[in-house]
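Below: one structure, written as structure tokens.
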Amino acid sequence: MTIKRKKELDIEEKSPENRILSFPDEVLERVLIFVKTHKDRSAVSLVCRDWYNAERWSRTHVFIGNCYSVSPEMVARRFPNIRSVTLKGKPRFSDFNLVPPDWGSDIHPWLVVFASAYPFLEELRLKRMTVTDESLDFLARSFPEFKALSLVSCDGFSTDGLASVTTYCRYDIIINH
């Protein structure tokens, strides 16, 4: 598409007859508080640019069904105010030993990005991810407000890693394994 055509589309989009009813961001954020499921929130973000931005800034929980589908940097750019993350790694057939060892889905690169983007992360739910003791130690030391950890079908860690989490976190930690 040429630059001239893009400018024409922008002008058409801004004309009153083509403009979707616009609300102030504060109003949209108040409405979006009541939209709970990640699928509904994703659908709302597709309405228009204003709704996309309001949903972006108001979202506090993100669900990533496949850790290979998006990079942690993209998540941090898209959602600046996250407090809770659900992240799934290896495919379901890995539960039946059909995936080679050391196949991937390492949590550590995600934690490094989250430590700078979300210093007040409170909750992390992981499924079929590789979590090392070093990653758990990094988690415990990097997030002062951390409250809940769920590890479902995760591998690579020992009680030493869990001990780090319980030692360095100020809050009562809920660990589901």
Side-chain angles (χ1 to χ4, degrees), residues 1-3 5-91 104-129 131 135 138-152 154 169-171 173-174 176:
M1 184 178 291
T2 67
I3 293 174
R5 180 66 183 141
K6 285 182 182 178
K7 286 182 182 178
E8 289 172 4
L9 288 175
D10 286 343
I11 291 169
E12 288 174 13
E13 186 178 287
K14 292 177 183 174
S15 66
E17 61 273 3
N18 291 334
R19 182 95 170 125
I20 295 174
L21 182 60
S22 181
F23 297 103
D25 288 343
E26 295 81 17
V27 173
L28 288 175
E29 288 176 17
R30 298 259 185 214
V31 170
L32 290 173
I33 290 171
F34 298 105
V35 180
K36 298 293 183 190
T37 69
H38 64 273
K39 288 182 181 181
D40 289 343
R41 290 189 69 93
S42 294
V44 163
S45 73
L46 299 175
V47 171
C48 67
R49 189 171 294 144
D50 291 339
W51 286 50
Y52 174 90
N53 286 327
E55 196 277 333
R56 171 182 188 249
W57 287 99
S58 67
R59 188 178 287 212
T60 58
H61 175 79
V62 68
F63 170 85
I64 302 161
N66 180 352
C67 71
Y68 301 108
S69 65
V70 66
S71 71
E73 293 84 9
M74 288 177 69
V75 173
R77 272 194 313 272
R78 169 78 166 92
F79 303 109
N81 297 317
I82 295 299
R83 299 277 183 175
S84 172
V85 175
T86 300
L87 183 61
K88 291 185 177 182
K90 299 173 190 169
S105 68
D106 185 16
I107 189 61
H108 200 79
W110 288 84
L111 292 176
V112 170
V113 171
F114 289 172
S116 60
Y118 310 128
F120 297 106
L121 187 72
E122 297 174 356
E123 182 177 358
L124 186 60
R125 298 174 185 275
L126 305 174
K127 187 168 187 178
R128 292 189 291 272
M129 295 289 291
V131 182
S135 295
F138 182 81
L139 170 80
R141 294 174 188 262
S142 300
F143 302 100
E145 303 292 322
F146 198 75
K147 297 177 184 173
L149 175 64
S150 176
L151 304 170
V152 178
C154 293
C169 291
R170 294 187 301 178
Y171 296 92
I173 300 294
I174 300 169
N176 294 327

Handout entry: Where at least one partner belongs to residues 61-71, residue pairs that pass salt bridge (Lys or Arg N to Asp or Glu O under 4.0 Å), sequence neighbours excluded
Key = none
Problem - Pairs meeting criterion salt bridge (Lys or Arg N to Asp or Glu O under 4.0 Å) with involvement of residues 68-82, two or more places apart - result: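 For residues 68-82, and leaving out neighbouring residues, the salt bridge (Lys or Arg N to Asp or Glu O under 4.0 Å) pairs sorted by first residue read Glu55-Arg78.
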Nearest 0.5 Å, please: how far is [atom2] in [Y] from [atom1] in [X]?
| X | Y | atom1 | atom2 | value |
| --- | --- | --- | --- | --- |
| Glu145 | Glu122 | CD | CD | 6.5 Å |
| Ser150 | Leu126 | OG | CG | 7.5 Å |
| Lys127 | Lys88 | NZ | NZ | 4.5 Å |
| Arg59 | Ser42 | CZ | OG | 4.5 Å |

Handout entry: side-chain hydrogen bond (donor to acceptor under 3.5 Å, both in side chains) partners for Thr37, two or more places apart
Key =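 Partners of Thr37 under the side-chain hydrogen bond (donor to acceptor under 3.5 Å, both in side chains) test: Asp40.
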Fill in the blank from the handout: Applying side-chain hydrogen bond (donor to acceptor under 3.5 Å, both in side chains) to Arg141 and not counting sequence neighbours gives Asp137, Tyr168
Exercise for the section: Could you tell me whether the side chain of Leu139 reaches within less than 4.5 Å of the side chain of Leu149, counting heavy atoms only? Expected result: yes
Practice task
Decide yes or no for Pro80 and Arg56: does some side-chain heavy atom of the first lie under 4.5 Å from some side-chain heavy atom of the second?
Solution key: yes
Exercise for the section: Considering non-hydrogen atoms only, spot the tightest contact between Ser84 and Leu121 and give its length. Expected result: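 Closest approach of Ser84 to Leu121, heavy atoms only: N-CD1, 3.9 Å.
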Problem - Atom of Tyr68, atom of Gly89 and distance for their closest heavy-atom approach - result: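 Smallest interatomic distance, heavy atoms only, reads CE1-O, 4.2 Å.
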Sequence-distant partners of [X], side chain to side chain contact (heavy atoms under 4.5 Å, CB included), two or more places apart:
| X | value |
| --- | --- |
| Asn81 | Trp57 |
| Thr86 | His61, Phe63, Arg125 |
| Pro109 | Asp106 |

Using residues 110-120 as the side-chain source, report each donor-acceptor pair under 3.5 Å to any protein atom, sequence neighbours left out, with the distance given to one decimal.
unit_1: Ser116; atom_1: OG; unit_2: Val113; atom_2: O; d: 3.1
unit_1: Tyr118; atom_1: OH; unit_2: Val75; atom_2: O; d: 3.1
unit_1: Tyr118; atom_1: OH; unit_2: Phe79; atom_2: O; d: 2.5

Problem - Any donor-acceptor N/O pair, Ser135 side chain to Val131 backbone, under 3.5 Å - result: no
